[in-house]
There are 2 protein chains.
Amino acid sequence: MEGMTTTGTDGRALASLAALLADSTRASFCLALLDGRAWTAGELARTAGVAPSTASDHLTRLVQGGLLVEERQGRHRYVRLAGPAVAQLVEDLAGHAPAPPTPPRGLRAVSAGVALSYARTCYDHLAGRLGVLLHDALLDQGVLDRAGGLALTPVGVGWLAELGVPVEPLRVGRRPLVRDCLDWTERRPHLAGSLGAALCRRFLDLGWTVRGSGRAVRLTPAGRPALAAALGVAPDALAAPASRDTAPARA
Amino acid sequence: MEGMTTTGTDGRALASLAALLADSTRASFCLALLDGRAWTAGELARTAGVAPSTASDHLTRLVQGGLLVEERQGRHRYVRLAGPAVAQLVEDLAGHAPAPPTPPRGLRAVSAGVALSYARTCYDHLAGRLGVLLHDALLDQGVLDRAGGLALTPVGVGWLAELGVPVEPLRVGRRPLVRDCLDWTERRPHLAGSLGAALCRRFLDLGWTVRGSGRAVRLTPAGRPALAAALGVAPDALAAPASRDTAPARA
DNA sequence: CGCACGTGTCGGCCGGGACCGAACCGTGGC
DNA sequence: GCCACGGTTCGGTCCCGGCCGACACGTGCG
């Protein structure tokens, strides 16, 4: 009677998982790692503003908890999120957290912020204004449809083939093909799931986009008209914000 | 350079949200509340095995954090999850937590466990073997389709109309129409989303199912053939486990 | 070989927070 | 009016865990 029969995950297990993210330093690690790349322990320590020894401790716990995986190279310890499932978990949690009243501070921070809000990676797919725009355009084009839940249409399969993205290989594993992911800056959904990741990768392969510093992404001069054509929108609609869209906010 | 520009949710916000679930007592509260009903502070305190004063404290924090909403009636304080979004968050987190190696203890616990694993509510939709069976049958019947992501088909709209469930009212709000929800006991998906909730409610209204003790649900004698017909399966496929399917584990 | 550097370990400090018991307060029943 | 009961508030205790500095270890460079 006392122990109660929860017959499912028990409170302790849930709590210990949540505890991994319940520390601001570890949380900031995970948010940083949401760019999908591998970071070294030192990098994470610096961006979080803690001593290397502290960061090392946290990383050990995150790895042991299964949220991160590590890869050692020489004297470096690279860590990254353990997979899309973990990324989604962090995204969801972050999406429910109250938006910070953080008006960027310095000039440099502002321009960096502008670049990030225009286009960035969210784990392994596109986010920011460009990500939301892609999401909306795919719905307009009939590539996606949300009449009965977000889904790829038969039309969409053809559209993807034309772009050089075969769909079948994307159906492997438990990961959903398409999924909404709430955009932090736009507060509207962009496209995630294995298809979102494949598109992001394909755009990079085609040279339509390139990675900027950190998680920022830029649309190349060649990529703009090409992507506009594929999405059936005017190239102007893809214009980057105020600053030159080729230079990533000159220092 | 030092402060870093996360340009999104900041680590502290994420951490404070996660901290709400990072305590085993609060976590067990949320898991208990996943049945979708409103519990009193005392009930939660007893099932978690803590003093009323402790529970009161925890509830205040959970309400302030926006995870729970309260409703005071006389000398009682009823709390329930703040909404489907919170329920999904807890589910997801619980789904990623390691499965507990908890072989039920006593005789009574075993039969209660059997009833629960057969059919129960998961916030506001059906879970357990019956929930998974429903999910699979809907896919077989062509009501749902996951060719391009889980979605309701045109055929499904008709099927629902026949059952007396109009679809349009379900499209309101941000909540997805259909969604997979990982079943704790079956470790396979069952149907969530506004449609999952509507079906669960409809079955209760039709008298096909009734609520048992706690979050358990039972299929009524009248409901079994009716549901079997609607799903296009043999009534035997819906048979409850070993024990009598009418008595919910006496005393 | 020795030095710099990135990382892990240990000890110690300290704050937060989980918990309880006791007293207090309002509700509802007698 | 009294009492039982559910809930809350308040001290006080105690432990967990985040943090650092100092030291040890291995890598890679000069």
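Reminder, nothing fancy here: chain letters follow the sequence lines and each chain counts from 1.
Ionic pairing of A/Arg174 and B/Asp180 is not present here: no N-O contact between side-chain nitrogen and carboxylate oxygen is shorter than 4.0 angstrom.
Across all strands, A/Thr40 comes closer than 4.0 Å only to sugar-phosphate atoms, never to a base (heavy-atom distances).
A/Arg46 has its CZ atom 18 Å from the C1' atom of D/dC19, to the nearest Å. Atom CG in B/Asp23 sits roughly 11 Å away from atom P in C/dC20 (whole-Å rounding). The separation between A/Tyr78 atom OH and C/dG6 atom P is 11 Å, rounded to whole Å. A/Arg26 has its CZ atom 12 Å from the C1' atom of D/dC16, to the nearest Å. Distance B/Glu71 CD to D/dG7 C1': 16 Å, rounded to the nearest Å. Between the P atom of D/dG17 and the CG atom of A/Leu20 lies a distance of 11 Å, rounded to the nearest Å. If you take CZ of A/Arg12 and P of C/dA18, they are 16 Å apart, rounded to a whole angstrom. Distance A/Gln64 CD to D/dG17 C1': 15 Å, rounded to the nearest Å.
Paired with B/Leu67 under the rule side chain to side chain contact (heavy atoms under 4.5 Å, CB included), one option of B/Leu21, B/Val79, B/Leu81 passes, and it is B/Leu21.
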- Query: Could you go step by step and tell me if B/Asp35 and B/Arg211 meet the side-chain contact (heavy atoms from CB on, under 4.5 Å) rule?
  - Reply: CA-CA 11 Å; B/Asp35 68 355; B/Arg211 287 190 179 278; 5.9 Å; no
- Message: Quick one, A/Asp10 with B/Leu31, criterion side-chain contact (heavy atoms from CB on, under 4.5 Å). Give me CA distance, side-chain angles, the key distance, then yes/no.
- Response: CA-CA 8 Å; A/Asp10 132 308; B/Leu31 289 176; 5.9 Å; no
- Query: Are B/Leu219 and B/Tyr118 close enough, and set up right, to give a side-chain contact (heavy atoms from CB on, under 4.5 Å), and what steps lead you there?
  - Reply: CA-CA 10 Å; B/Leu219 195 57; B/Tyr118 174 63; 3.8 Å; yes
- Item | Stepwise salt bridge (Lys or Arg N to Asp or Glu O under 4.0 Å) test for A/Arg120 and A/Asp183 | CA-CA 11 Å; A/Arg120 62 178 182 278; A/Asp183 197 281; 3.2 Å; yes
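Using a 4.0 Å cut-off, some side-chain N or O of B/Arg77 falls inside it from OP1 or OP2 of D/dT8. Distances shown here put every side-chain N or O of A/His76 at or beyond 4.0 Å from the OP1 or OP2 atom of C/dC5. Using a 4.0 Å cut-off, some side-chain N or O of B/Thr25 falls inside it from OP1 or OP2 of C/dC19.
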- Note on the structure: With sugar-phosphate taken as primed atoms, P, OP1 and OP2 and all else as base, the protein-contact string of nucleotides 20-30 of chain D at under 4.0 Å (heavy atoms; B, S, -) is BBB---BBS--
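Between A/His125 and A/Cys181 the shortest heavy-atom distance is NE2-SG, 3.8 Å.
For A/Arg72, the listed nucleotide lying nearest its side chain is C/dT7; candidates were D/dG18, C/dT7, C/dC19.
Sequence order on DNA chain C of the closest nucleotides to B/Arg61 and A/Glu70 puts A/Glu70 first from the 5' end.
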